[in-house]
Amino acid sequence: MKTLHTDCLVIGSGLAGSAYALHAAKAGLVIDLLSLEGPLVANSDWAQGGIIYDTTPDPGQLTRDIFDASDGTSNPAAVEQLVREGPGAVKELLLDELGVAFDRDAAGGLELTREGGHSSRRIIHSKDLTGHTILSAVAARIDTTPNIARRTGWVAVDLLTLSHNTDNIADHYAPLTCFGAYVLDTASGEVFALVAKKTVLATGGLGQIFLHSTNQPGSVGHGVAMAYRVGARLIDLEYVQFHPTVFFKKNAPRFLVTEALRGEGGVIVNARGARFMDALHPRGSLAPRDVVARAIHQELAATGEPCAFLDLSAMKPDFIRHRFPTVVARCAEHGVDVTREPIPIVPAAHFSCGGVHTDLTGRTTVRHLNAVGETACTGLHGANRLASTSLLECLVSAKFTARADIAEIGGSGLAPRPPDAAPTGERSDFHLPAPRPWIGPAHDADPTLIRQDLQLLQSTMWNYAGIVRSPKRLTRARRILLELREEIQSFYRGCRVTRELVELRNAVQTALLVVHAASLNPRSKGCHSVVEEM
Ligand code: SIN
């Protein structure tokens with residue numbers, strides 16, 4: 001088994017992982033940045049709406065909006081950090097350093113939009129492809145930063161810890177400490193050890209454990225599952241946010257229809273054209289996401305209709321075409337002209353408010369293991385996330401985590417070095433032992449079994465652990481998933497490791513963790529809704 005060394009191993013190259021890499025690299029640290037596919041294949045790339053940029057002298061109203069959206073459950077310290085540090089993080093990296101092309105008004109100022117749960121216009125955007133515009137700029141900068149090695153097609157299989165992966169008995173009894181990961185190079189099929197002083201989980205969300213999701217394929221909570229296996233604390237996993245407006249058409253893919261459309265006047269209606277949100281929340285169609293998603297779910301259950309609609313008739317066609325080109329084009333691909341007809345929509349799994357527990361500098365409960373962005377949970381979102389906080393959270397958590405790591409590793413002054421070279425500047429508190437070799441069987445897994453298992457898992461989660469849960473449904477989900485996990489484990493132990501197998505193994509573990517968290521929490525709050533009997 002080949003062993004490589006780096007300062008920081010970043011698992012996932014969405015906005016959080018990439019921003020972390022840029023910050024750490026600037027201080028001279030050597031970074032290995034893993035991504036399954038190309039640099040833009042990340043949930044951040046698909047974020048349409050925008051990013052909060054609230055520079056008002058008194059951002060108290062933003063604090064209140066985050067709390068209100070979370071149903072009063074957000075961690076005050078995490079909210080305070082985001083509100084205080086957010087504008088600086090956006091200005092420093094996106095506006096000043098990368099010059100990201102956000103939309104401007106006639107006077108040249110940043111154009112502000114609004115989304116559900118927001119009491120004012122405070123979201124900057126780049127038409128309806130904000131995530132793509134931001135991530136493209138960040139990725140381009142990464143590609144010209146010498147001490148970041150982009151490892152495309154590499155998948156983390158398991159974290160390395162002193163307790164689990166060395167032959168030294170003293171290590172076994174040391175405090176839980178991470179020192180890198182076993183990684184699979186999908187091109188060669190080779191597994192090797194990537195030993196790191198700091199390992200950063202930036203694997204994004206877990207939406208793909210549900211049948212319908214806005215997430216990229218493969219978003220099955222890799223970081224959550226890997227962290228669980230080494231004993232890290234996980235928190236709030238029952239709070240899975242369902243986005244209310246996701247395109248619906250039989251035999252067509254689900255895709256996000258940005259909430260910014262509602263910020264600009266779009267209204268949710270039922271099949272008869274009736275505005276049912278107005279009676280349910282003072283903000284009507286602009287209520288927080290959990291409220292809107294549940295209302296649509298209930299409306300569909302009551303009427304038997306397959307979908308609700310987003311009525312854009314309050315907006316001029318030219319404005320829609322200019323401001324929302326992605327939604328216009330994607331809907332047109334499936335025969336819907338959004339300038340003339342309402343968009344058929346349903347809710348779908350969108351964002352994990354819970355995750356790997358961290359403090360406000362990305363520290364998990366395992367030494368030298370960090371988590372950032374959606375993978376992490378500081379409690380910022382509590383039981384339900386306010387729209388357009390996710391990209392901002394990526395920037396803030398990346399900055400503070402990198403800053404803490406730089407201080408710990410002793411970043412400044414370390415010379416860039418080739419990614420495969422021996423570690424530089426090693427200090428005694430970074431004990432980087434030789435990991436046990438990876439031993440893997442040589443049989444190929446049957447792809448049909450993998451596909452079938454994933455489908456069963458996704459439909460189980462959708463039907464029994466989705467928008468509305470009940471103890472009975474959760475018990476059934478747990479039973480099915482436990483059996484499935486047994487199957488998948490023996491499958492995993494007997495077959496050559498592949499991307500698909502890693503995904504399936506992590507998916508079933510994440511699904512069980514979500515179901516377990518949901519079963520332990522009988523109280524409906526935010527996006528966790530439990531009814532007694534169904
Ligand atoms: C959207 O544009 O509706 C999604 C943005 C977000 O999740 O905050």
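Position 1 is the first residue of the sequence; numbering continues from there. Every number for a ligand or one of its atoms is a count from 1 in the order of the listing. From a predicted model like this one, the values you see are computed outputs, not experimental measurements.
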*Kindly confirm or rule out an N or O of T389 lying under 3.5 angstrom from an N or O of ligand 1.*
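Min N/O separation from ligand 1 is not below 3.5 Å for T389.
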*Using distance alone, decide if ligand 1 has a nitrogen or oxygen within less than 3.5 Å of any nitrogen or oxygen in A387.*
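N/O-N/O distance under 3.5 Å: no.
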*Side chain of E111, backbone of D105: donor and acceptor closer than 3.5 Å?*
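Not at all, since once roles are kept as given, no pair shorter than 3.5 Å links the two residues.
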*Are the side chain of S213 and the backbone of F210 linked by a donor-acceptor contact shorter than 3.5 Å?*
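No: the side chain of S213 does not pair with the backbone of F210.
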*Rounded to the nearest 0.5 Å, how far does OG of S74 lie from CG of D65?*
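It comes to 11.0 Å.
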Using a 4.0 Å cutoff against the non-hydrogen atoms of [X], which atoms of ligand 1 qualify?
| X | value |
| --- | --- |
| H350 | 4 (C), 6 (C), 7 (O) |
| R289 | 1 (C), 3 (O), 4 (C), 5 (C), 6 (C), 7 (O), 8 (O) |
| H243 | 1 (C), 3 (O), 4 (C) |
| E115 | 1 (C), 3 (O) |
| R385 | 6 (C), 7 (O), 8 (O) |
| E259 | 1 (C), 2 (O), 3 (O) |

Which pairs of donor and acceptor atoms, one on a side chain in residues 299-307, lie under 3.5 Å apart (sequence neighbours left out)?
{"residue": "E299", "atom": "OE2", "partner": "N270", "partner atom": "ND2", "Å": "3.0"}
{"residue": "T303", "atom": "OG1", "partner": "E299", "partner atom": "O", "Å": "2.8"}
{"residue": "T303", "atom": "OG1", "partner": "E305", "partner atom": "N", "Å": "3.2"}

*Does the side chain of T113 pick up a donor-acceptor pair with the side chain of H125 at under 3.5 Å?*
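Absent: no donor and acceptor within the cut-off.
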*Just by distance, with hydrogens left out, do T56 and D54 show a side-chain donor and acceptor under 3.5 Å apart?*
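Their side chains do contain a donor-acceptor pair, which is all the 3.5 Å distance test asks for.
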*Identify the protein heavy atom lying closest to atom 1 (C) of ligand 1, giving its residue, its atom name and the separation to 0.1 Å.*
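Answer, as residue, atom name and distance: T258 OG1, 3.5 Å.
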*For S388 and ligand 1, answer yes if some heavy atom of the residue is under 4.0 Å from a ligand atom, otherwise no.*
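For ligand 1, residue contact (heavy atoms, under 4.0 Å) with S388 is present.
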*Going through the checks in order, is the side chain to side chain contact (heavy atoms under 4.5 Å, CB included) test met by V246 and I345?*
CA-CA 5 Å; V246 175; I345 43 114; 6.0 Å; no
*Does the distance from a Lys or Arg side-chain N to an Asp or Glu carboxylate O, for K399 and E92, drop under 4.0 Å?*
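Counted as a salt bridge, because a side-chain N and a carboxylate O are separated by less than 4.0 Å.
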*For ligand 1, does Q241 get within less than 4.0 Å through its side chain, its backbone, both, or neither, judged by non-hydrogen atoms?*
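Under 4.0 Å from ligand 1, Q241 contributes no heavy atoms.
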